[in-house]
Amino acid sequence: MRDRIMASVLAFGMAASAILATPPAAQSQDKLTASVGYYPGALISMPVLVANEQKFFERNGLAVELVPVASGPAMTSAVASGSVTFVNNSWDNLILAVDKGLPVRAVVGSTVKVPFALLARKGIALPHLAEGYPGIIKDLVGKNWGVLALGVSVHFMAQMILTDAGFKASDVTFLAVGLPNTARPALQRGTVDTYLSIEPLPSIAAANNEGTVVVDLAKNQGPKVFHDLGYNGWWASTSTIKDKPEVVARFAKALEESYCWFSKPDNLDQVVALMQKYVKVPDLSEDAYKAMVKGLLPTFGPDITSRTIDTWAKLLVDNKQLGAPKTRRDIVAETARESFRCPN
């Protein structure tokens with residue numbers, strides 16, 4: 001079971017826009033090289049796509065090759081083998097990888113909130129919807145809950161939504177329905193009644209009257225343990241961290257600058273344009289697409305807090321995926337920031 005690593009999800013993208021001028025300091029740096037794994041068109045890869053398109057890597061003296069990687073397990077394999085310098089993956093996956101002895105560590109964060117929402121399909125009676133969480137869960141007891149796969153972190157998160165609301169995991173039936181592209185028809189057919197998903201499926205379902213978001217973890221709804229909790233970050237091999245510290249430092253700095261740029265409200269329209277270039281969501285209108293992007297931006301951040309690592313480690317221990325807890329020191333490089341604020 002511990003070998004089952006959750007595949008990262010969801011289509012999302014971005015495009016090029018205004019390019020910032022390269023400062024003299026960056027021009028004087030010796031250009032270093034790195035390869036970066038990304039999920040083609042996926043939201044989770046937004047920081048590196050923005051950093052590349054807006055020339056933040058270049059400004060920091062780093063020549064980057066973007067390498068498309070299909071899944072979380074493939075990301076882990078690529079960085080552990082040294083075929084890719086940096087990859088993006090979830091904290092539970094990193095904890096399990098380190099526990100199995102893989103030579104990988106986190107170097108910079110990617111999210112500061114859990115970017116999942118619990119979606120209930122059309123046709124489900126929701127008399128407690130106005131109550132919000134935990135009252136709404138009463139309407140979902142006895143239903144079929146769809147998850148990416150059984151025995152992975154999304155499954156455990158869904159179980160916690162139930163148990164934190166005062167119910168037992170056995171009060172519903174969990175069914176593995178795969179990624180959102182297969183979960184959507186399962187919801188439409190009524191094979192499952194709920195699905196815990198990352199965007200854009202929740203927005204698509206709402207826009208097309210296919211379902212209702214009943215718990216949005218990204219908005220700090222649901223169990224308090226998930227409030228303001230990081231979900232994933234960027235990893236490197238221990239040999240890269242030891243032998244190429246300047247590459248790691250420049251990569252992290254470029255992602256911090258990327259975050260500070262795309263989180264500014266004045267840049268929202270440019271960010272939307274960047275995303276639409278890479279991944280189109282024809283089921284969403286222009287306004288709905290923009291609203292989705294605006295809602296997602298606060299989920300990102302380069303921080304890696306001790307609480308984030310401790311929480312995911314405890315979740316894994318509680319679900320018998322991990323024998324003993326791991327701490328931030330065990331899985332995160334010493335140079336990685338625990339907190340970060342953009343300069344004024």
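- Note: Phe251 and Phe86 have parallel aromatic rings, judged against thresholds of 30 and 60 degrees for the angle between ring planes.
- How far CD1 of Ile309 is from CG of Leu229: 8.5 Å, rounded to the nearest 0.5 Å.
- Ion pairing of Glu286 with Lys290 is absent here, as no side-chain N (NZ or NE/NH1/NH2) approaches a carboxylate O to less than 4.0 Å.
- Within the 4.5 Å cutoff, the side chain of Pro103 has no heavy atoms near those of the Ser239 side chain.
- Nearest heavy-atom pair, Ile198 versus Pro115, reported as atom, atom and distance to 0.1 Å: CG1-O, 3.2 Å.
- Counting heavy atoms from C-beta outward, Ile161 and Pro223 have side chains that approach closer than 4.5 Å.
- Judged as a disulfide (SG to SG under 2.5 Å), not a single pair has a partner in residues 157-200 (not counting sequence neighbours).
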Does the side chain to side chain contact (heavy atoms under 4.5 Å, CB included) test come out yes or no for Ser35 and Val67, once each step is laid out? CA-CA 7 Å; Ser35 54; Val67 180; 4.1 Å; yes
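- Here Glu257 contributes atom CD and Phe57 contributes atom CZ; the two are 10.5 Å apart, rounded to the nearest 0.5 Å.
- Checking Asn88 against Ser45 by side-chain atom types alone, no donor-acceptor pair falls below 3.5 Å.
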Working note: Ile136 + Val215, criterion side chain to side chain contact (heavy atoms under 4.5 Å, CB included); need CA distance, chi angles, decisive distance, verdict. CA-CA 8 Å; Ile136 183 59; Val215 181; 4.1 Å; yes
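- Put simply, the side chain of Tyr39 reaches to within 4.5 Å of the side chain of Asn89, judged on heavy atoms.
- Remark: the backbone N or O of Gln159 is paired with a side-chain donor or acceptor of Thr163 at under 3.5 angstrom.
- Within the 3.5 Å criterion, the main-chain N or O of Thr327 finds a donor-acceptor partner in the side chain of Asp330.
- Note: Phe226 and Phe116 fail the aromatic proximity criterion, with ring centroids not under 6.0 Å apart.
- A donor-acceptor pair is defined here as one N or O able to donate and one able to accept, closer than 3.5 Å; such a pair exists between the side chain of Asn267 and the backbone of Trp261.
- Nearest heavy atoms, Ile304 versus Arg328: O-NE, 2.6 Å.
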Is there a salt bridge (charged side-chain N to carboxylate O under 4.0 Å, His left out) between Lys314 and Asp318 once you walk through the steps? CA-CA 6 Å; Lys314 184 178 186 304; Asp318 290 347; 2.8 Å; yes
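- Within the 4.5 Å cutoff, no side-chain heavy atoms of Thr33 are placed close to those of Glu65.
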Ignoring hydrogens and angles, write down the donor-acceptor pairs under 3.5 Å from the side chains of residues 139-146, residues two or more places apart or on other chains.
from: Asp139; atom 1: OD1; to: His128; atom 2: ND1; distance (Å): 2.6
from: Asp139; atom 1: OD2; to: His128; atom 2: N; distance (Å): 2.8
from: Trp145; atom 1: NE1; to: Leu140; atom 2: O; distance (Å): 3.1

CA sep, side-chain torsions, deciding dist, call: Val104, Val87, side chain to side chain contact (heavy atoms under 4.5 Å, CB included): CA-CA 10 Å; Val104 292; Val87 298; over 6 Å; no
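- In this structure, the side chain of Asp303 engages the main chain of Phe340 through a donor-acceptor pair within 3.5 Å.
- Thr111 places a side-chain N or O within donor-acceptor distance of the main-chain N or O of Tyr231, the cut-off being under 3.5 Å.
- Looking at Ser258 and Gln54, their side chains never bring a donor and an acceptor atom within 3.5 Å of each other.
- Closest approach of Arg307 and His227 over heavy atoms only: NH2-O, 2.9 Å.
- Taking CG of Asp228 as the start and OG1 of Thr299 as the end, the distance is 11.5 Å to the nearest 0.5 Å.
- At a threshold of 4.5 Å between non-hydrogen side-chain atoms, the residues Val213 and Pro202 count as touching.
- Under a 3.5 Å cut-off, the side chain of Asn319 and the backbone N or O of Leu315 do form a donor-acceptor pair.
- Counted by atom type alone, Asp92 and Ser90 present one or more donor-acceptor pairs between their side chains at under 3.5 Å.
- Inter-residue side-chain proximity for Tyr38 and Asn52 is flagged as unmet; no heavy-atom pair is nearer than 4.5 Å.
- The distance from atom NZ of Lys253 to atom CG of Leu62, rounded to the nearest 0.5 Å, is 12.5 Å.
- Every residue two or more places apart in sequence or in another chain that forms a ring-ring contact (aromatic ring centres under 6.0 Å, His included) with Phe262 is listed here: Tyr259, Phe300.
- In this structure, the side chains of Pro245 and Thr335 stay at 4.5 Å or more apart for every pair of heavy atoms.
- Counting only distance, with no hydrogens or angles, the side chain of Glu338 and the backbone of Ser306 share a donor-acceptor pair below 3.5 Å.
- Within the structure, the salt bridge (Lys or Arg N to Asp or Glu O under 4.0 Å) test picks out the following pairs touching residues 180-194 (sequence neighbours left out): Arg121-Asp193, Arg184-Glu210, Arg184-Asp283.
- For the atom pair CD of Glu131 and CG of Leu126, the computed distance is 11.5 Å after rounding to the nearest 0.5 Å.
- In this structure, Ala183 and Gly178 approach most closely via the heavy-atom pair CB-O, 4.4 Å.
- With hydrogens and angles ignored, the 3.5 Å screen pairs a side-chain donor or acceptor of Asn60 with a backbone N or O of Phe56.
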Carefully, step by step, assess Leu66 and Val36 under the rule side chain to side chain contact (heavy atoms under 4.5 Å, CB included). CA-CA 5 Å; Leu66 296 181; Val36 180; 4.0 Å; yes
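- The closest donor-acceptor contact from the side chain of Tyr133 to the backbone of Leu217 lies at 3.5 Å or more, if one exists at all.
- Checked against side chain to side chain contact (heavy atoms under 4.5 Å, CB included), Ser83 has the following partners two or more places apart in sequence or in another chain: Ala78, Ser81.
- In terms of modelled atom types and a separation under 3.5 Å, the side chain of Gln221 and the main chain of Asp216 share a donor-acceptor contact.
- No chain of hydrophobic side-chain contacts below 4.5 Å, direct or via other Ile, Leu, Val, Met, Phe, Trp or Tyr residues, connects Leu297 to Val112.
- When the side chain to side chain donor-acceptor pair (under 3.5 Å) test is applied to Asp171, no partner is found at least two apart in sequence or on another chain.
- Of all heavy-atom pairs between Ala207 and Leu284, the closest is CB-CD2, 3.8 Å.
- Here CG of Asn232 is found 9.5 Å from CH2 of Trp312. Values are rounded to the nearest 0.5 Å.
- Here the side chains of Val172 and Phe167 are not in contact, with every heavy-atom distance at 4.5 Å or above.
- Among all heavy-atom pairs drawn from Val107 and Ala333, the shortest one is CG1-CB, 4.3 Å.
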